[in-house]
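Single-structure report; data block below.
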Amino acid sequence: MTQYTSSLLRLLSERGYIHQLTDAEGLDALAARQIVPGYIGFDATAPSLHIGSLVQIMMLRRLQQTGHKPVVLMGGGTTRIGDPTGRDESRKMLSDQTIEDNIASIRQVFARLLTFGDGPTDAVMVNNHDWLGKLGYIELLQEVGTHFTVNRMLTFDSVKLRLDREQPMTFLEFNYMILQGYDFRHLALHDGVRLQMGGSDQWGNIVNGIELARRKDGNDVFGLTTPLLTTADGAKMGKTAAGAVWLNEDALPAWDFWQYWRNVDDRDVGRFLRLFTDLPLDEIARLESLDGSEINAAKVVLANEVTKLVRGADAAAAAEATAAATFAGGGVGQDLPSLDVADGSIALVDALIGLGFAASRGEAKRLIAGGGARVEGQAVTDEAHVIALGGAEIRVSSGKKKHGVLRPA
RNA sequence: GGACAGGUGGCCGAGUGGUUAAAGGCAGCAGACUGUAAAUCUGCCCGCGCAAGCGUACGCUAGUUCGAAUCUAGCCCUGUCCA
């Protein structure tokens, strides 16, 4: 491992954020002597980011922790184009209003993890629609077009993969890398930004921006990418059965968020603690060395710490309490999904659907027939079973992990 | 504009007139084993229905046929090559 002099690169490297770096010595020297404003771009394709973006957000947090300035770039403009990287199919076009709404919603998460303000190391949020939207076509071609050769653009993975797989790539998407390059150049020129970070799949796009900034304005800027995060069994992070693990509370309840982290693979615990929590490294080393079932304690810490950062301390505490009550005590935690039952009784099938454990009656019945449905911890195999509440809360479970509560209304 | 190839369930991918709600794989869900882990084995995996059954579904539309994902025509979309 390279020995870095700047606290920024030391921290990033110790905690496993660095995959590629355009100029390690140059950036290290810069970070050691001045505040480095660094940015990461985020798409606004959904009302919430999911944990696939959490590494990037954490990187901005690390930047701030080590005395530098995080710049959050919202892709209000580029989202209108659609990043072809890693995609086989073109994105659906989003309306302007949807994109604006998404940006407003996504902003909430950043407010928890970064300190915004006007100070030298305070975070700021910018929207590339502000400059890309004003750019005329002729102007863009003149400004940027002369610095990109099609020959080179065709060699980029984002393009090449699409072509190799004989998937369509529209001209619109083909231009994405140019606009992203333009972003970096713009931020370097107008806001003194010196560093762009991103996932490893963004390497090509980042390098484009660096070259553009240098050729057009003689600005010397840097790029850093994080390793592509996969879980130990090779899956892309952040996808579960129920869909993505969203960062926003209104997109995914804190309980489910907490559970995601509680259930990570043993092998991922240490890595995730380093990346997604602020715990000191020696503490993490201790947690990750726990053997056998003791590693579960480390997973609880992981779940608590990440939930605290993203959802707040109250949410983390509530989720942990619910987990303790539900799994250890056999009781009912307050955080579980619940369903109000008006008539004093409900068919098990409807309860499973109402709690979100089954999407259709058929699916609920299959679950019951397969022995996966439980009422108060007891497996029920009668598809026609009706639960009588009798004024008390009843616990209904799908399998051993998904629990919900029926409340008398 | 022309020639050729192709468009099948969340994804990949068989299937070229009936036994096809559509092989197989992946992903997913559940059971067993466990530690709310991994691996492994087993079952499930379009909707409605207790069920018989019904409804939808193989790019779209119209046809041929007792019967079509499979044949015909037109259209839409994609790729490759040519202009």
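- To the nearest whole angstrom, the two C1' atoms, one in B:G15 and one in B:A21, are 14 Å apart.
- Nucleotide B:A37 holds its P atom 14 Å from the CD1 atom of A:Ile295, rounded to whole Å.
- For the P atoms, the distance linking B:A37 with B:G49 amounts to 32 Å, nearest Å.
- Spacing of C1' atoms, B:G9 relative to B:G47, comes out at 13 Å, to the nearest Å.
- For A:Arg366, counting side-chain heavy atoms from C-beta on, the closest listed nucleotide (B:C45, B:U36, B:A30) is B:C45.
- For B:A32, the paired nucleotide is B:U40, the pair qualifying as Watson-Crick or G-U wobble because both relevant distances are below 3.5 Å.
- B:G31 and B:G18 have their C1' atoms separated by 38 Å, given to the nearest Å.
- Between the NZ atom of A:Lys365 and the P atom of B:C44 there is a distance of 17 Å, rounded to whole Å.
- Comparing A:Asp266 and A:Ala373 along RNA chain B, the residue whose closest nucleotide (by nearest heavy atom) sits nearer the 5' end is A:Ala373.
- Nearest to the side-chain atoms of A:Asp265 among the listed nucleotides B:C48, B:G35, B:A38 stands B:A38.
- Regarding A:Glu363, its CD atom lies at a distance of 14 Å from the P atom of B:G49, rounded to whole Å.
- For the pair A:Arg267 CZ and B:A39 C1', the interatomic distance rounds to 9 Å; values are reported in whole Å.
- Residues A:Tyr39 and A:Asp191 fail the side-chain proximity criterion, which asks for heavy atoms closer than 4.5 Å.
- Comparing the P positions of B:G6 and B:G13 gives an interatomic distance of 14 Å, to the nearest angstrom.
- Residue A:Leu247 forms a side chain to side chain contact (heavy atoms under 4.5 Å, CB included) with just one option from A:Leu113, A:Val310, A:Leu252, and that option is A:Val310.
- Where A:Arg361 and A:Arg262 meet RNA chain B, the nucleotide closest to each residue was compared, and A:Arg262 sits on the side nearer the 5' end.
- Nearest approach of A:Thr5 to A:Ala32, heavy atoms of both residues: OG1-CB, 4.1 Å.
- B:A69 is unpaired under the criterion used here, namely a Watson-Crick or G-U wobble arrangement in which both key atom distances are under 3.5 Å.
- One atom, CZ of A:Phe272, and another, P of B:A38, lie 13 Å apart when rounded to the nearest Å.
- For A:Ala323, whose side chain is taken as the heavy atoms from C-beta onward, the closest listed nucleotide among B:A32, B:U36, B:A38 is B:U36.
- The same atom, P, is picked in B:G59 and in B:G7; the two are 8 Å apart, to the nearest Å.
- Applying the 3.5 Å distance criterion, the base of B:U34 shares a donor-acceptor pair with the side chain of A:Lys400.
- Rounded to whole Å, the P atom of B:G10 lies 41 Å from the corresponding atom of B:A83.
- Between the P atom of B:G35 and the CG atom of A:Leu287 lies a distance of 20 Å, rounded to the nearest Å.
- In this structure, A:Phe327 places its CZ atom 15 Å from P of B:G35, rounding to the nearest Å.
- A:Ile368 has its CD1 atom 12 Å from the P atom of B:C50, to the nearest Å.
- Within the shown strands, nothing qualifies as a pairing partner of B:A27 under the Watson-Crick or G-U definition with both distances less than 3.5 Å.
- Nucleic acid contact for A:Glu294: none, since no nucleic acid atom lies under 4.0 Å from a heavy atom of the residue.
- Between A:Asp350 and A:Arg361 there is a salt bridge, with a side-chain nitrogen of the basic residue lying less than 4.0 Å from a carboxylate oxygen of the acidic one.
- When both pairing distances are held under 3.5 Å, B:G49 makes no Watson-Crick or G-U pair with any nucleotide shown.
- Shown are A:Tyr260, A:Trp261, A:Trp255; of these, the side chain to side chain contact (heavy atoms under 4.5 Å, CB included) with A:Phe257 is made only by A:Trp261.
- Between the C1' atoms of B:A62 and B:A27, the separation comes to 38 Å (whole Å).
- A:Arg374 is not listed as a side-chain neighbour of A:Val396, based on a closest heavy-atom distance of 4.5 Å or more.
- Closest to the A:Arg374 side chain, of the nucleotides B:G31, B:G35, B:U36, is B:G31.
- Using the Watson-Crick or G-U wobble rule with both distances under 3.5 Å, B:G6 pairs with B:C77.
- Between A:Arg395 and A:Val405, the closest side-chain pair of non-hydrogen atoms is not below 4.5 Å.
- Distances shorter than 4.0 Å separate none of the side-chain N or O atoms of A:Ser293 from OP1 or OP2 on B:U34.
- Proximity note for A:Lys299 (side chain, C-beta onward) versus B:C29, B:G47, B:G35: the nearest is B:G35.
- Using Watson-Crick or G-U wobble geometry with both donor-acceptor distances under 3.5 Å, B:G1 finds its partner in B:C82.
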